[in-house]
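Inspection log for the structure reproduced underneath, given as structure tokens.
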Amino acid sequence: MPELPEVETTRRGIAPHLCGQRVRAVVVREPRLRWPVTPALARGLAGRRIDAVERRAKYLLLRAGDHSLILHLGMSGRLRLTPPSTALKPHDHLDVVLESDLCLRLNDPRRFGAALWWPGDPLTHPLLRALGPEPLSPAFTGDALYGRSRGRRAPVKAFVMDSRVVVGVGNIYANEALFLAGIHPRRAAGRISRARYGRLAGAIKTVLADAIGRGGTTLRDYVSADGSPGFFQLELCVYGRAGEPCRRCAMPVRRITASQRGTFYCPHCQH
DNA sequence: AAAGCGCCCTGAAGGC
DNA sequence: TGCCTTCAGGGCGCTT
């Protein structure tokens, strides 16, 4: 479900309700997420105050004193703010109950998500330490992409979805950015010019910023923390549009499989 | 080092 | 209606 814009929209939704709040209780109903949710998490977080809610890549970082709760929504995870008395739905795995009597509730049918308790700065966690630059930061540039791509024979789509290269570019936005930049998703990463990488970096920034501005993309069931959907799906140029006319040239959008992911592109506009 | 898979899960959709 | 297959917005970790 969530790519960077959906995670950022969720962060913006929950942060005002969490920051400065003390945690009254933590309820773990299903510890079998991607990694087991440990008793240390429930024990350690209860009673602490949440100081900040940040995002790195698609991870949400809740800072609580010198510790941190690291959340990842995987493919199907959702966070909702709700009174703790709200009836439970299937797959409501974790509650963080606040003293305000609101509750941050994690629902994740596929359980690819994660809730990790870390005794330190979340950015030093092994899963976060080696991540590439944030796409919306000044450190992410076409020159950076160009430099890292030399000698790479993998398709450019896989290259920009590699979190060591740049974080937060999932399948939807990789397809969209490559369309905006006019680059064929199967082109070898090492055989793209510096100028074209400049356009690609710009396209990634544009598409992610636009999607955040529209509250993310709602395809099936994504909703933000307050239950409202995103609207970026209305702007999609290629993702999920196989057979429909390209918005630029009207040629039918083509669907192929690349790196085991659905890949959409315009055969006329992208080379 | 880079690249390519398998795999962790459930649910929805489509074919028969 | 039901059963089966396929596919899904992620990404770790293993093998080559």
Side-chain angles (χ1 to χ4, degrees), chain A residues 1-10 29-37 55-60 70-79 89-94 106-116 125-132 135 147-178 185-191 204 207-208 211-212 214-224 229-236 238-243 255-264:
Chain A
M1 176 216 307
E3 295 193 30
L4 186 147
E6 293 75 45
V7 177
E8 178 61 20
T9 299
T10 299
R29 295 188 197 82
E30 174 53 88
R32 295 175 302 165
L33 302 189
R34 169 139 210 172
W35 293 280
V37 180
R55 180 190 58 73
R56 173 79 170 104
K58 296 171 190 166
Y59 293 94
L60 286 166
I70 302 173
L71 296 173
H72 197 288
L73 300 179
M75 287 276 265
S76 58
R78 296 194 214 180
L79 285 171
K89 297 198 203 125
H91 315 299
D92 279 341
H93 304 317
L94 175 70
L106 173 68
N107 182 282
D108 184 6
R110 291 177 75 177
R111 292 191 274 121
F112 290 176
L116 303 166
H125 191 281
L127 291 170
L128 282 79
R129 205 159 28 200
L131 292 174
R148 289 217 49 160
S149 65
R150 293 308 90 183
R152 296 278 205 115
R153 290 195 286 186
V156 62
K157 178 159 175 268
F159 176 69
V160 297
M161 291 179 70
D162 181 341
S163 62
R164 290 162 304 185
V165 173
V166 57
V167 300
V169 183
N171 200 33
I172 296 178
Y173 301 109
N175 280 296
E176 294 299 305
L178 287 165
R186 279 224 171 107
R187 174 166 290 275
R191 302 195 54 204
I204 288 171
V207 75
L208 292 176
I212 292 170
R214 286 172 165 72
T217 300
T218 296
L219 290 183
R220 297 185 173 73
D221 53 4
Y222 166 77
V223 287
S224 66
F231 291 96
F232 192 72
Q233 65 276 13
L234 302 173
E235 317 286 323
L236 294 176
V238 288
Y239 184 85
R241 296 191 65 243
R255 183 196 195 278
I256 58 175
T257 298
S259 333
Q260 298 126 280
R261 311 298 293 265
T263 298
F264 301 85

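Chain letters run A, B, ... following the sequence lines, proteins first and then strands; every chain starts at 1.
- Relative ring orientation between A/His72 and A/Tyr59 is described as perpendicular, the plane-to-plane angle rising above 60° on a 0-90° scale split at 30° and 60°.
- For the pair A/Leu60 and A/Leu79, the minimum side-chain heavy-atom distance is below 4.5 Å.
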Dot-bracket for DNA chain C, 5' to 3', counting Watson-Crick or G-U wobble pairs under 3.5 Å, with [ ] for crossing pairs and | for inter-strand pairs? .|||||||.|||||||

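- Atom CH2 of A/Trp35 is separated from atom P of C/dG10 by 15 Å (rounded to the nearest Å).
- Distance CG (A/Leu79) to P (C/dG9): 20 Å, rounded to an integer number of Å.
- Looking at A/Glu3, A/Arg261, A/Lys157 one by one, the single match for side-chain hydrogen bond (donor to acceptor under 3.5 Å, both in side chains) with A/Asn171 turns out to be A/Lys157.
- Taking atom CD of A/Gln233 as the reference point, atom P of C/dA8 lies 18 Å away to the nearest angstrom.
- Between the C1' atom of C/dG10 and the CD1 atom of A/Ile172 lies a distance of 12 Å, rounded to the nearest Å.
- Atom NZ of A/Lys58 and atom P of C/dG9 are 10 Å apart (whole Å).
- Taking atom CG of residue A/Leu131 and atom P of nucleotide C/dG10, one finds them 15 Å apart after rounding to whole Å.
- The shortest side-chain heavy-atom distance between A/Glu176 and A/Val238 falls under the 4.5 Å cut-off.
- Remark: A/Arg153 CZ is loosely packed, at most 12 non-hydrogen atoms of other residues, nucleotides or ligands lying under 6.0 Å away.
- With hydrogens and angles disregarded, no donor-acceptor distance shorter than 3.5 Å links the side chain of A/Ser224 to the backbone of A/Thr9.
- Between C/dG11, C/dG9, B/dG11, one nucleotide has an atom nearer to the side chain of A/His91 than all others, and that is B/dG11.
- A/Met161 has its CE atom 9 Å from the C1' atom of C/dG9, to the nearest Å.
- The closest side-chain heavy-atom distance from A/Asp162 to A/Arg152 is below 4.5 Å.
- One can place CZ of A/Arg129 at 13 Å from P of C/dC12, the figure rounded to the nearest angstrom.
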Sugar-phosphate means primed atoms, P, OP1 and OP2; the rest is base. With that split, encode nucleotides 1-9 of chain B 5' to 3' as B, S or - using protein heavy atoms under 4.0 Å. -SS-BB-BB

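- Side-chain contact between A/Thr10 and A/Pro2 is absent, with no heavy-atom pair separated by less than 4.5 Å.
- Applying the side-chain hydrogen bond (donor to acceptor under 3.5 Å, both in side chains) criterion to A/Arg150, with sequence neighbours excluded, gives no partner residue.
- Dashed line: the shortest gap from a side-chain N or O of A/Tyr239 to OP1 or OP2 of C/dG9 is under 4.0 Å.
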